Amino acid sequence: MDAKNQTVNKHQRKKLEGILESLSKDDRDRLYTEARKQRSDAQKRRSTKARETIDGERIGRGKRRPDPLVDWVLRLVERDFAHKNTDTRDERPLTEGLVVGLTRRRATVLPVGCDGSDTSKQVLCRLSAELAGRQQDGIAVGDRAMIAELEIAADAVEHEVVSVLPRESKLARPDSHDTNQERVVAANVDTVVIVVSVVSPPLHPRLIDRYLVAIEWGDCKPMIAVNKADLLPEAELNEALKVLDPYKQAGIPIAVCAAVPGDDSSVRVDGLRKLLAGQTCAFVGHSGVGKSSLANALDSSLGIETGGLRGTDQRGRHTTTASEMHFIEPGIRVIDTPGVRFFGLAEMSPEELRWLFPEFEKYVHSCKFNDCGHDHEPGCAVKAAVKANEISDTRYDTYLRLLEELRNGGKPKDVVERIRPKYDDD
Ligand code: GDP
Ligand code: ZN
């Protein structure tokens, strides 16, 4: 083996060790179990043949080369996971961090253990070529990532995101052009706050259902923030809030807020702050309901632009809107990205909607028509499953209602932007 090859192997090994470290416990356990079996099978095979011919080379002072389990595990890592990181020169020490900012080619990463509000600790990183090419689902704000130094000249060091750790939850939706492709707009979100306003625009509970479907898909918890409470007298407010009773009964926390306090400024955002303490969250909802204002009200130092100014210059042209995470006391992390802001079923097609009911998946292949909408079609396995109580009829009703809305072009009028606008560094 020549020296160059040896170096490649050393790099490769470091890389594989990095990947192994980043795997979930379940994945690691699975690999170790398989590796143990493979090694013992190989040992059995070896004992029946001459060692030299099976094992080939001998090392050191004539001892047989040791055959540690971890080597077998690393081979499996290479087989199953190495394609996720194509940089074979990787022998650099890796640091774990949280992705707090993201543009098309760069991520801002906060190393583990650093205080989020201390921006001096944040590291601006390039994305590995592989990650940059998989922006849709490869990396999102909220991801935990492994970063490494990247030497670009003798005296200049940059950093690079090498890999992304498995996610616990995500805010995701199918791509409107390719429904097999998922767009992850935020990762590891504990709570998705659906912001609605009591007036301007008026409260529209059905829109909440759309968000609930998508939130459920990503394993996040929902919360409802009813904003602009200052715009209605108390009696009217209470009347308006009644439409939310079904959600309250379903156990969804509801915070009544006023981001911009009215004359009697008693309600405001204290309830919301309490509910969100210690959580990573994202605000979704139509433009104008007050998502930016709520974040500002939670922390006046954020200075997020409001009133639709954001994302356009004075002439209304589209400008950059970076994705970022804001740190707010007590321990609240707010993920604010264009994707989150325009998140919803606004641009969803009826075909995409099916994808958001995971419990349908088991049945769709048995539908008579492979483009079955699970609605009026004969031989629909989903409908049969509803009849057989295998799929909840409430969920199926929600599906039919949303389907109807989408088929009738029920797009909310105020959402015109695409889910992920172009960034400045495109
Ligand atoms: P976003 O598009 O959801 O981020 O909404 P913005 O935060 O930009 O708010 C839209 C408009 O509603 C702005 O003019 C805000 O000043 C106003 N607004 C936001 N929250 C409140 C509120 O609680 N009360 C009142 N009266 N106005 C609000
Ligand atoms: Zn069907």
Side-chain angles (χ1 to χ4, degrees), residues 192-204 207 211 224-233 236-237 240 255-273 282-300 302-312 321 326 334-344 346 350-351 353-355 357 359-388 390-391 396 399-400 403 412-417 421:
V192 179
V193 185
I194 304 169
V195 183
V196 292
S197 60
V198 279
V199 282
S200 75
L203 213 161
H204 201 336
L207 298 176
Y211 287 111
I224 298 171
V226 187
N227 193 32
K228 306 199 186 180
D230 56 295
L231 294 182
L232 285 186
E236 275 176 57
L237 177 64
V256 179
C257 325
V260 178
D263 300 338
D264 113 58
S265 45
S266 53
V267 199
R268 314 327 74 166
V269 292
D270 298 348
L272 181 65
R273 188 193 306 278
F283 291 141
V284 299
H286 286 178
S287 86
V289 292
K291 297 178 293 298
S292 317
S293 305
L294 279 175
N296 285 339
L298 287 168
D299 184 342
S300 57
L302 295 183
I304 301 173
E305 283 173 280
T306 60
L309 294 173
R310 177 196 256 272
T312 53
T321 341
H326 301 293
V334 178
I335 298 181
D336 180 25
T337 80
V340 163
R341 213 162 311 115
F342 308 135
F343 189 78
E351 294 71 37
L353 183 67
R354 293 172 212 162
W355 192 84
F357 286 75
E359 68 264 53
F360 291 6
E361 257 170 46
K362 225 168 90 187
Y363 304 96
V364 293
H365 303 291
S366 313
C367 291
K368 186 171 169 198
F369 300 106
N370 58 11
D371 61 346
C372 183
H374 321 311
D375 172 14
H376 56 274
E377 294 89 346
C380 171
V382 170
K383 261 196 302 197
V386 176
K387 277 216 184 83
E390 287 164 27
I391 290 176
Y396 182 64
Y399 172 75
L400 288 183
L403 188 67
K413 289 177 193 66
D414 58 338
V415 180
V416 289
E417 301 92 332

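Since the structure is predicted, the reported quantities are computational estimates derived from the model, not experimental observations. For ligands, and for the atoms within them, numbers begin at 1 and follow the listed sequence. The basis for the numbers below is simple: all heavy atoms, side chains too, and nothing from hydrogens, waters or symmetry mates.
Checked by atom type and distance alone, the side chain of D230 never pairs as donor or acceptor with a backbone atom of A258 at under 3.5 Å. Between the side chain of R268 and the backbone N or O of C257 there is no donor-acceptor pair closer than 3.5 Å. Under the 3.5 Å distance criterion, the side-chain polar atoms of N296 are matched with a main-chain donor or acceptor of I304. No donor-acceptor pair closer than 3.5 Å links the side chain of N227 to the backbone N or O of V256. Remark: the backbone N or O of C380 is not paired with any side-chain donor or acceptor of Y363 at under 3.5 angstrom.
Checking only distances, G288 does come within under 3.5 Å of ligand 1, N or O to N or O. Looking at ligand 1, you'll find an N or O of A259 within less than 3.5 Å of one of its N or O atoms. Between A229 and ligand 1, a contact under 3.5 Å exists for no N or O pair. Ligand 1 has no nitrogen or oxygen under 3.5 angstrom from a nitrogen or oxygen of L231.
Listing protein N, O or S atoms at distances below 2.8 Å from the Zn ion (ligand 2), with waters left out, gives C367 SG, C372 SG, H374 ND1, C380 SG.
Under the side chain to side chain donor-acceptor pair (under 3.5 Å) criterion, E236 pairs with no residue at all, not counting sequence neighbours.
Inter-residue side-chain proximity for L400 and D375 is flagged as met; some heavy-atom pair is nearer than 4.5 Å. Between I391 and F360 the shortest side-chain heavy-atom distance falls below 4.5 Å. No side-chain heavy atom of V382 sits under 4.5 Å from any side-chain heavy atom of C372.
Contacts between V289 and ligand 1, counted as non-hydrogen atom pairs separated by less than 4.0 Å, involve both the backbone and the side chain. Using a 4.0 Å cut-off between heavy atoms, V260 contacts ligand 1 through both its backbone and its side chain.
Interface atoms of ligand 1 facing S293, defined by a heavy-atom separation under 4.0 Å, are 6 (P), 7 (O), 9 (O), 15 (C), 19 (C), 20 (N).
Ring geometry, Y399 versus H374: the interplanar angle falls from 30° to 60°, so the pair is classed tilted.
Summarising the contacts of atom 5 (O) of ligand 1 with S292, A258, G290, the nearest heavy atom is found in G290.
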